[in-house]
Trainee: 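Questions regarding the structure given below will be posed in turn.
No experiment lies behind these values; they were computed from the predicted model shown. The basis for the numbers below is simple: all heavy atoms, side chains too, and nothing from hydrogens, waters or symmetry mates.
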2 protein chains.
Amino acid sequence: MPLSAMREKTEAVADFLKGLANPQRLLMLCALAQGEKTVGELIAQTGIAPTSMSQHLAKLKAEGIVGVRREHRNLHYAISHAAVLEVMAVLAAHFCQASDG
Amino acid sequence: MPLSAMREKTEAVADFLKGLANPQRLLMLCALAQGEKTVGELIAQTGIAPTSMSQHLAKLKAEGIVGVRREHRNLHYAISHAAVLEVMAVLAAHFCQASDG
DNA sequence: TTGATAATTCATATTTTTATGATATTAGAA
DNA sequence: TTCTAATATCATAAAAATATGAATTATCAA
């Protein structure tokens, strides 16, 4: 499966990457990498405004990057796309090495 | 080095991902994954209009994703960021499996 | 029911990205 | 020199992403 195989999937792959390519959504995904969280927990942990959080979550959900389930009044979000943690691991290795300042 | 380390680098990581998050640039990077190419070769191989190609290359260069060298009248571009091929490999594995239609 | 909390949707202004035609630069050939 | 090819930059219009205040929906408690 060569990298060139991606040529036929550039739209889908670009949409997926657009889902990740935002500082606030990366922050959210770092939080979600620890496990499922409610919207309130995500807001508390990231400092992102509620409306903005909803929009970002909607975008991640539309892209299949996260999934939701409701429990009482709270909506619990979790990473649902297998590629997310793998991509983030590669990025962490390259952008956040121990040797970095 | 946990994924949470990325929290302090979200701007840089998001900028890097924005560099990749476009169908045309992914197409260009698929071509460049085979090795260094001139602008003309990239245009021929991808069908992207020259002006658009220049702008995309400028963006990739600004982000450190590709590098250039001049040889006579031709500019040769090549992937210069170690994370690119690793990220693309992850994406290819998830979006372009043999089992895919 | 009424009220309160959790979260989303709507409306809209701002910013960023993308596309494209016109012009400019650079290097080599004639 | 002058011409041409290769490529970039400029200008600008159109589309997409982002931020934010106001209104709405959903669930539960009193």
Trainee: Side chains of B:Leu91 and A:Leu17: closer than 4.5 Å at any heavy-atom pair?
Mentor: yes

Trainee: Side chains of A:Leu75 and A:Leu57: closer than 4.5 Å at any heavy-atom pair?
Mentor: no

Trainee: Please tabulate the protein-to-nucleotide N/O contacts below 3.5 Å involving nucleotides 23-26 of chain D, giving atom names and distances.
Mentor:
none

Trainee: Over how many whole Å does the gap from B:Ile48 atom CD1 to D:dT7 atom C1' extend?
Mentor: 15 Å

Trainee: Going by heavy atoms in the side chains, are A:Ile43 and A:Ile48 under 4.5 Å from each other?
Mentor: no

Trainee: Does a side-chain N or O from A:His72 land closer than 4.0 Å to OP1 or OP2 of D:dC28, or not?
Mentor: yes

Trainee: Which nucleotide span of DNA chain C, 5' end to 3' end, has atoms closer than 4.0 Å to non-hydrogen atoms of chain B?
Mentor: C:dT17 to C:dA29

Trainee: Using the test ring-ring contact (aromatic ring centres under 6.0 Å, His included), find all partners of A:His56 that sit at least two apart in sequence or belong to another chain.
Mentor: none

Trainee: Are side-chain heavy atoms of B:Gln24 and B:Ser52 found at a separation under 4.5 Å?
Mentor: yes

Trainee: Which of residues 53-62 of chain B have a heavy atom under 4.0 Å from DNA chain D?
Mentor: B:Ser54, B:Gln55

Trainee: I'd like to know if the side chain of A:Arg25 reaches the main chain of A:Leu60, judged simply by a donor and an acceptor atom lying under 3.5 Å from each other, with no hydrogens or angles considered.
Mentor: no

Trainee: In whole Å, what is the span from the CD atom of A:Glu63 to the C1' atom of D:dA16?
Mentor: 14 Å

Trainee: Counting only heavy atoms and a strict 4.0 angstrom limit, can you tell me which residues of residues 25-40 of chain A come near DNA chain C?
Mentor: A:Thr38, A:Val39, A:Gly40

Trainee: So do the side chains of B:Val84 and B:Leu32 get within less than 4.5 Å of each other, counting heavy atoms only?
Mentor: no

Trainee: Establish, with yes or no, whether the OP1 or OP2 oxygen of D:dT27 is under 4.0 angstrom from a side-chain nitrogen or oxygen of A:Asn74.
Mentor: no

Trainee: Taking the side chain as every heavy atom from C-beta outward, state whether B:Val13 and A:Leu20 have any atom pair closer than 4.5 Å.
Mentor: no

Trainee: Above 12 or not: heavy atoms from other molecules or residues under 6.0 Å from CD of B:Gln34?
Mentor: yes

Trainee: Give me each pair satisfying side chain to side chain donor-acceptor pair (under 3.5 Å) with a member in residues 70-90 of chain A, each pair once, sequence neighbours excluded.
Mentor: A:Arg69-A:Glu71, A:Glu86-B:His94

Trainee: Report yes if some heavy atom in the side chain of B:Thr46 is under 4.5 Å from a heavy atom in the side chain of B:Met53; otherwise report no.
Mentor: yes

Trainee: If you measure from CG on B:Asp15 to NZ on B:Lys9, what distance do you get to the nearest 0.5 Å?
Mentor: 13.0 Å

Trainee: Closer to the 5' end of DNA chain D via nearest nucleotide, is it A:Glu71 or A:Ser52?
Mentor: A:Ser52

Trainee: Measuring only between side-chain heavy atoms, which start at C-beta, is A:Leu29 closer than 4.5 Å to A:Ile65?
Mentor: yes

